[in-house]
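Just below is one structure, and these are the notes that go with it.
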Amino acid sequence: MRRWNGWGDEQIQLALVPEAKQFLREVLGEAKTGPNADFNTAVARLSASRLGDTKLWTTNPAQRIRYSLGQSLPDWLQLRYGQIAQTPDAVAFPESREEVRAVLQRAAQLGCVVIPYGGGTSVAGHVNVQASSRPVITLVMQRMMQLQSLDKEAQLATFGAGVLGPDLEAQLRAHGFMLGHFPQSFEYSSLGGWVVTRSSGQQSLGYGRIEAMFAGGHLETPTGTLDIRAFPASAAGTDLRELVLGSEGRIGVLTDVTVRVQRLPEKESFIAVCFSDWESGRQALRQMAQQQMPLSMLRLSNATETATSLKLAGHVQQVAWLERYLRWRGCAEQKCMAIIGASGSALQVRQALQQAKAVWRLHGGVGLGTLLGKKWQHGRFRNVYLRNTLWDMGYAIDTVETATDWPGITPMMQAVEQAARAALAEDGETVHTYTHLSHVYTQGASVYTTFVYRLSGDYQTDLRRWQRLKRAASESITAFGGTISHQHGVGLDHAPYLHTEKGEAGLDAIRSIYRHFDPQDMMNPGKCVAGKGV
Ligand SMILES: Cc1cc2nc3c(=O)[nH]c(=O)nc-3n(C[C@H](O)[C@H](O)[C@H](O)COP(=O)(O)OP(=O)(O)OC[C@H]3O[C@@H](n4cnc5c(N)ncnc54)[C@H](O)[C@@H]3O)c2cc1C
């Protein structure tokens with residue numbers, strides 16, 4: 001069963017070894033156990049729905065709570081403190097395009113707001129209900145998850161947009177195919193959610209971002225249906241896929257998605273490489289990206305992230321041995337770990353890794369083989385459960401992410417980390433910050449920074465602290481010329497910063513697209529572009 005106020009399956013617990021707990025205490029100070037509100041109490045406190053039950057939706061209080069929020073830190077604060085500000089009045093679980101259309105039509109007649117909901121893994125407030133005089137219906141896509149067609153020759157697959165990552169890959173694997181989109185939220189995020197938030201998977205270097213995979217689809221909008229046909233390429237005017245990518249539920253409901261799929265690779269390999277410092281690692285990754293090596297992934301942790309990961313990994317003896325070995329090879333306190341992935345035939349993988357090796361050696365990298373790479377692969381979706389473990393220990397964890405050009409990466413990283421630390425300094429609280437590059441391009445890379453800090457035990461204090469920290473980090477991102485989001489999208493939390501990259505004319509153009517499809521401003525209002533579509 002999915003946990004109602006945290007990450008993932010209730011049965012999965014990620015325990016930390018005593019040495020890891022001690023490390024956190026030393027860095028952040030002793031903390032009190034984080035609050036953990038009771039589900040039944042939250043249900044009992046729920047105010048009455050403004051809608052009645054119909055065959056299109058339910059007003060069941062438990063469902064209204066379960067589908068009220070996403071996974072951002074302020075969402076967690078609401079859920080864990082039991083301070084849920086707003087819930088939908090009703091939740092719909094359509095099973096077909098026709099049912100989606102029926103919900104939209106009835107919602108329009110009743111003057112309701114509709115919030116499409118994929119997997120609810122948004123970390124930017126995309127699915128949150130805002131106070132409104134209009135009743136709110138959350139439309140959950142998870143029953144629309146079938147593989148509808150697979151053209152093996154054209155390598156195109158069409159799915160119900162609500163399919164979640166593991167189910168999507170399992171349905172393709174049964175036919176010898178894969179998509180290759182692996183965001184860290186893979187277990188619970190949906191295909192439709194990936195498309196409309198412009199998501200990026202961990203192996204985007206090899207398989208592409210979701211933009212490259214999204215070939216076409218079917219959208220139900222308040223003003224009618226929009227079918228986007230899949231072509232290998234087209235010069236026929238404006239590409240309608242661009243209206244859907246990043247639309248964040250504002251123009252309608254994506255019901256079916258056609259994606260470009262791949263044959264399952266013969267081999268998939270991940271290896272770890274250690275650099276003596278950040279600059280050597282950054283230059284090596286830049287060179288590999290700019291030489292367009294056939295790799296599936298390049299990821300580089302800074303020195304603090306490397307040290308933190310080794311401390312939290314457990315396996316104290318093996319890590320001590322590894323650190324002695326790395327010190328002997330010239331990688332000491334400032335060492336930075338990279339993970340390099342390659343997929344394809346055994347020959348392609350060998351050749352790609354050989355090309356990468358020539359570059360990492362040039363920058364003094366120490367190859368550590370596949371063992372650590374396999375550990376990373378094994379833990380790539382399980383590490384998210386650390387959020388639950390840290391919360392229980394009394395620590396909050398949050399992230400921001402951006403992308404910028406190669407020369408701007410290091411100043412950006414330093415500015416964001418420094419801004420976050422300074423944001424809570426006035427409260428005398430330490431923010432443990434660390435960063436990695438996870439998606440690399442010819443021009444630049446994504447910069448992904450994590451913050452860990454103590455919870456206060458008081459909802460309002462924690463909310464204010466998060467607001468201060470988020471604002472400081474976001475302002476640093478925009479001041480240093482980064483995009484406000486490389487992969488998490490805009491939602492509510494990033495909307496105030498969007499004008500810095502789109503400009504007023506750009507925002508007006510986006511609003512007019514919303515207005516075209518949604519003249520009553522009923523689709524997820526307030527998200528992505530602040531201000532009314534109408
Ligand atoms: C622990 C964690 C790790 C993450 N890692 C990554 C990562 O590696 N890469 C990455 O890109 N993101 C990541 N994310 C963010 C999140 O998973 C992505 O934004 C994801 O694409 C959201 O998909 P979802 O199905 O959960 O969408 P939801 O959260 O349900 O919705 C997001 C937005 O999409 C809209 N929407 C959803 N489905 C539809 C539909 N069918 N039609 C119209 N609108 C729809 C919603 O209205 C909302 O505006 C992570 C999140 C968490 C919590």
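Counting starts at 1 for both ligands and their atoms, in listed order.
Nearest to atom 32 (C) of ligand 1 by heavy atom, out of T197, V123, L386, T399, is T197. The nearest non-hydrogen atom to atom 10 (C) of ligand 1, considering only S200, S185, G192, G489, comes from S200.
A side chain to side chain contact (heavy atoms under 4.5 Å, CB included) with L298 holds for exactly one of V273, L437, I340; it is I340.
Aromatic rings from Y441 and H486 are positioned such that their centres are separated by under 6.0 Å.
Of all the atoms in ligand 1, the ones that sit under 4.0 Å from a non-hydrogen atom of E248 are 47 (O), 49 (O). Every atom of ligand 1 with a heavy atom of S190 under 4.0 Å away is listed here by number and element: 24 (P), 25 (O). Atoms of ligand 1 lying under 4.0 Å from at least one heavy atom of S199, given by number and element, are 10 (C), 11 (O), 21 (O). Near V196, with a cut-off below 4.0 Å to any heavy atom, the atoms of ligand 1 are 34 (O), 35 (C), 36 (N), 44 (N), 45 (C). Numbered from 1 in the order shown, with element, the atoms of ligand 1 that lie under 4.0 Å from a heavy atom of N524 read 47 (O), 49 (O). Counting atoms of ligand 1 from 1 in the listed order, those under 4.0 Å from a heavy atom of S122 are 29 (O). Each of the following atoms of ligand 1 lies closer than 4.0 Å to a heavy atom of Y117: 30 (O).
Here the side chain of E248 pairs no donor or acceptor atom with the backbone of H126 at under 3.5 angstrom.
Nearest protein heavy-atom neighbour of atom 47 (O) of ligand 1: P116 O, 2.6 Å.
Contacts classified as salt bridge (charged side-chain N to carboxylate O under 4.0 Å, His left out) and involving residues 188-207 (residues at least two apart or in different chains) are given here: R198-E211, R198-E242.
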